[in-house]
Amino acid sequence: MKKVLIISTSIRAGSNSEILANKFYDGAKDAGHNVELITLRNKNVSFCRGCMACQKLGKCVQNDDANEITDKICESDVIVWVTPIYYYEMSGQMKTMIDRANSLYSRDYKFKEVYLLTVAADDDPKTPQHAIGGIQGWIDCFEGVSLKGTLFLGGINDPNEIKKDERLQEAYEMGKNI
Ligand SMILES: Cc1cc2nc3c(=O)[nH]c(=O)nc-3n(C[C@H](O)[C@H](O)[C@H](O)COP(=O)(O)O)c2cc1C
C-alpha cells in the first residue's frame, strides 16, 4: 500500500482537471492505496519570496497554507500533480505551490514517484509538453524521484465539460495501476 497525494491546482468551479483528479483517486483507492486529494481552491498560497530561510528552518517563514501542503508532499510515496494548461504550461497556481515547497530540497522527503495529469482546450498531443518539461525540472532536483506517468486530455474547455468524456477511464486505470 502506497501513500498517495493528489494535488488539484485549478481553482475554478466545475474544474475539468479536478474531475480527472477524482477519477485517479477512485482508481488508486480501489487498488487499496492510502489516497488523499487536496485542492488549491480556497487555499492561501502566496508567492515564494526567495529568502531561502526554508533550507535551514525546514519550513517556509510565511504562515499560510503552503507549509501544511508541503508536509503532506514530504510524507507521501506518490505525488500526483493535476493542472489545467495555461499558456501551454502548468498553471501559475501549481508553479507557485512547487516554489513554496522549496523546503523539501533540504528535507528527508519520502516521495519517489510523480504523475502529471493535464487538461486543455487544444487537442494537439504536444499541448502539455512544456508542463511535462516543467515538472521534470522539479523532479530532477530530487534524487531517486521519477516521473512515472503523464495523462493529457485535450479538447476540453467549458466547466464540467469533461464529465461525460470516456477518456476519464484512463485516469481511473492510471490510478489503479500505480
Ligand atoms: C489563463 C488561461 C490560459 C489558458 N491557456 C490555454 C492554452 O495555452 N492552451 C489550451 O489549450 N487551453 C488553455 N486554456 C484553457 C484551459 O486549459 C481549459 O479551459 C481547461 O479545461 C481548464 O481546466 P479546469 O476546468 O480544470 O480549470 C487556458 C485557460 C486559462 C484560464
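Whatever order the structure lists ligands and atoms in, that order sets their numbers, starting from 1. This one's a predicted model, so the numbers in the text were calculated from it and none came from an experiment.
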(request) Please check if atom NZ in Lys59 has more than 12 non-hydrogen atoms from other residues, nucleotides or ligands closer than 6.0 Å. (result) no

Looking at [Y] and [X], is there a salt bridge between them, counting it only when a charged N and a carboxylate O are closer than 4.0 Å?
X      : Y      : value
Glu18  : Arg41  : yes
Lys2   : Glu113 : yes
Glu36  : Lys72  : yes
Lys112 : Asp77  : no
Arg107 : Asp71  : yes

Give the residue and atom name of whichever protein heavy atom lies nearest to [atom], and the separation in Å to one decimal.
atom                    : value
atom 23 (O) of ligand 1 : Pro84 CB, 3.3 Å
atom 26 (O) of ligand 1 : Ser17 OG, 2.5 Å
atom 31 (C) of ligand 1 : Tyr86 CE2, 3.6 Å
atom 12 (N) of ligand 1 : Ala121 N, 3.4 Å
atom 15 (C) of ligand 1 : Asn157 OD1, 3.7 Å
atom 16 (C) of ligand 1 : Ile85 O, 3.7 Å
atom 21 (O) of ligand 1 : Ile156 O, 2.8 Å
atom 9 (N) of ligand 1  : Tyr88 CZ, 3.4 Å

Within the 4.0 Å heavy-atom shell around [X], which atoms of ligand 1 are there?
X      : result
Asp122 : 10 (C), 11 (O)
Ser10  : 24 (P), 26 (O), 27 (O)
Tyr87  : 1 (C), 3 (C), 4 (C), 5 (N), 6 (C), 7 (C), 8 (O)

(request) Look only at interatomic distance and state if Glu18 has a nitrogen or oxygen under 3.5 Å from any nitrogen or oxygen of ligand 1. (result) no

(request) Assert yes or no for the condition that the ring centre distance of Trp138 to Tyr109 is strictly below 6.0 Å. (result) no

(message) Would the distance check show the side chain of Thr70 and the main-chain N or O of Ala66 forming a donor-acceptor pair, the cut-off being under 3.5 Å?
(response) yes

(request) Kindly determine whether Arg100 and Asp64 satisfy salt bridge (charged side-chain N to carboxylate O under 4.0 Å, His left out), including the steps that lead there. (result) CA-CA 10 Å; Arg100 287 295 306 289; Asp64 59 13; 2.8 Å; yes

(request) Give the contacting part of Ala120 toward ligand 1: side chain, backbone, both or neither, where contact means a heavy-atom distance below 4.0 Å. (result) both

